[in-house]
Amino acid sequence: MKDTEKQWDFIVIGGGATGLGIAVDAASRGYGTVLLEQSDFAKATSGRSTKLVHGGVRYLQKGDVALVREALRERGYLRKNAPHLVKNQRFIIGNYKWWEKPFYTVGLTLYDMLSGTMSLGRSLPVSRKEVIRRIPQIVREKLKGGVVYHDGQFDDARLAVNLMQTAAEKGALTVNYTKVTSLLKDSEGQISGVIAEDMIGGGIFTLKGKCIINATGIFVDSIIRMDDPAEKPMVRPSQGVHLVVDSSFLGGDDAIMVPKTSDGRVMFGVPWHNRVILGTTDVPVSEFVLEPKALTEEVDFILETAGRYLIKKPQRSDVLCVFAGLRPLAAPKNHADSAKTKEISRSHKLVASASGLVTITGGKWTTYRQMAEDTVNMALKVKEMPFRPCKTRNLKIHGYMENPDMSEWIYIYGSDRQGILDLQKEKPEYAKKLHNDFDFTAGEVVWAVRKEMARTVDDVLARRVRALYLDAKASIVMAPAVAAIIASELQRDAAWEEQQVKEFTEMAKAYVLS
Ligand SMILES: Cc1cc2nc3c(=O)[nH]c(=O)nc-3n(C[C@H](O)[C@H](O)[C@H](O)COP(=O)(O)OP(=O)(O)OC[C@H]3O[C@@H](n4cnc5c(N)ncnc54)[C@H](O)[C@@H]3O)c2cc1C
């Protein structure tokens, strides 16, 4: 990317779910679009979610019907447009008190009804025997029965990569490892572009644009301050931690949902890529970082809560990965109003500054498409640009494939699956596994570099094949082989390779519970 006189219609800052959704939306409407991400796509919050495409049963408990209805509708669109990544997941709430079965049956029937024609399946009460059949590891003492409901489950970072590819196919320029460092303003004080730094190769670039969108998640305030240093903070981060354990801790394909933990939260145990994700927590934090760290009390809380509902009680030594993510919750006007993050709004917040910077934050992965539509509409209005209607409701996302065979790992590539198989046929070494315990192959690393813009060992192991999240220790073992393949693809030297392995190992150690 060079300094250019070209004027973009949209410059999107941030390559998480929100920014990528906006790039897809703007490009598919035919607007000239560039997206700049300071690190890798989905490196921040968007690669660290619970991996649910859901309306949010918890918000229904709080009576936020409009939010739930919107998310359920979006869940339906996402399942329709990315069936290779979003699957229908059955959840079970075990009932231990007499009133729970009728109570949750009514609530979840309403949840299902709110999804209208986009329902993923009816919510139903089930017997104790059926609960045990579906979740063999559920604690049986005092178990009276359960309620089954359906929600979506997905691979967050893979979807981000596929959205990046969709945006590019619609004509957008999508760039990772390029950080926006300041904003340009014209003689009338209107924002007219950005200055960005290449975080890998070095170099500073100037880009001019009409609509400048700040979609940087928990980092939105740093961009807002480039516009107006006196502006009040818009986001207050809340940390959520997950633990990944072996699938034997649930013993089946169904997920478990605990609607009220000891401190009133919702807790999930969800099958994911032959593992189980346990989580999450919700702790206010003050650090805005790309690599948040789990607190000991968060880990203990998840282990303790899971241990209360599962016969095989997970111990620290069973944890294959611990990861933390920061929710970009929209802060209330007066921070002092809210000591607890659960009270802060989960819906998205969209604002335009006097100088024309459009900032979007909050929301959830599930609603990224609606957030993008709202943002592009608002930017067009603010900049008085000719309106073209949104096209994403029925836009197939890159990799679209109906009924993929989810028993094999490479289903995750959807329609690109054949490309990986072709690579493996092309050179026998590309068919070699990266680790005996996993099906990831050398060919997938080559694919990630050539087709998915992976530039580092972290990009490949954390967000293209998800090894870091499935088994952090095993991912450290895979790092040297991955570094060697990337080095050969990108013509990097031995020193680069060594440095990559060192950096990845240091980072990945924080995902291991010692
Ligand atoms: C623990 C947890 C669990 C969750 N679970 C779910 C779930 O199951 N389902 C669901 O629907 N939602 C879930 N969410 C919410 C969802 O993950 C987030 O709402 C969503 O990922 C936010 O995306 P984003 O693009 O706004 O932010 P991010 O993903 O953080 O993206 C912002 C990007 O901006 C980049 N950036 C920052 N500054 C600059 C700059 N100066 N220049 C260029 N780039 C920059 C960052 O590097 C980052 O990649 C969860 C959130 C958390 C924390």
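Since the structure is predicted, the reported quantities are computational estimates derived from the model, not experimental observations. Ligands are counted one by one from 1 in listed order, and the atoms in each one are counted from 1 as well.
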Practice problem: With sequence neighbours left out, write down each residue that passes side-chain contact (heavy atoms from CB on, under 4.5 Å) with Arg316, or none if nothing qualifies. | Solution: Thr296, Val299, Asp300, Leu303, Leu513

Exercise. Among Arg79, Arg369, Lys80, find the residue that satisfies the salt bridge (charged side-chain N to carboxylate O under 4.0 Å, His left out) test when tested with Glu74.
Key: Arg369

Give every donor-acceptor pair under 3.5 Å between a side-chain atom in residues 64-73 and any protein atom, sequence neighbours left out.
| from | atom 1 | to | atom 2 | distance (Å) |
| --- | --- | --- | --- | --- |
| Arg73 | NH2 | Gln370 | OE1 | 2.7 |

Quiz prompt | Trace of the side chain to side chain contact (heavy atoms under 4.5 Å, CB included) decision for Leu290 with Phe219 | solution = CA-CA 10 Å; Leu290 275 176; Phe219 303 98; 4.0 Å; yes

Exercise. Kindly tell me which protein residues have any non-hydrogen atom under 4.0 angstrom away from an atom of ligand 1, grouped by chain and ordered by number?
Key: Ile13, Gly14, Gly15, Gly16, Ala17, Thr18, Leu36, Glu37, Gln38, Ala44, Thr45, Ser46, Arg48, Ser49, Thr50, Lys51, Leu52, His54, Thr178, Lys179, Val180, Ala215, Thr216, Gly217, Phe219, Ile223, Gly240, His242, Thr280, Leu290, Gly325, Leu326, Arg327, Gly363, Lys364, Trp365, Thr366

Practice problem: Give the minimum heavy-atom separation between Val241 and Ala324, together with the two atoms involved. | Solution: CG2-CB, 3.8 Å

Exercise. Report the residues that fulfil ring pair (Phe, Tyr, Trp, His ring centres under 6.0 Å) with His150, sequence neighbours left out, ordered by chain and then residue number.
Key: none

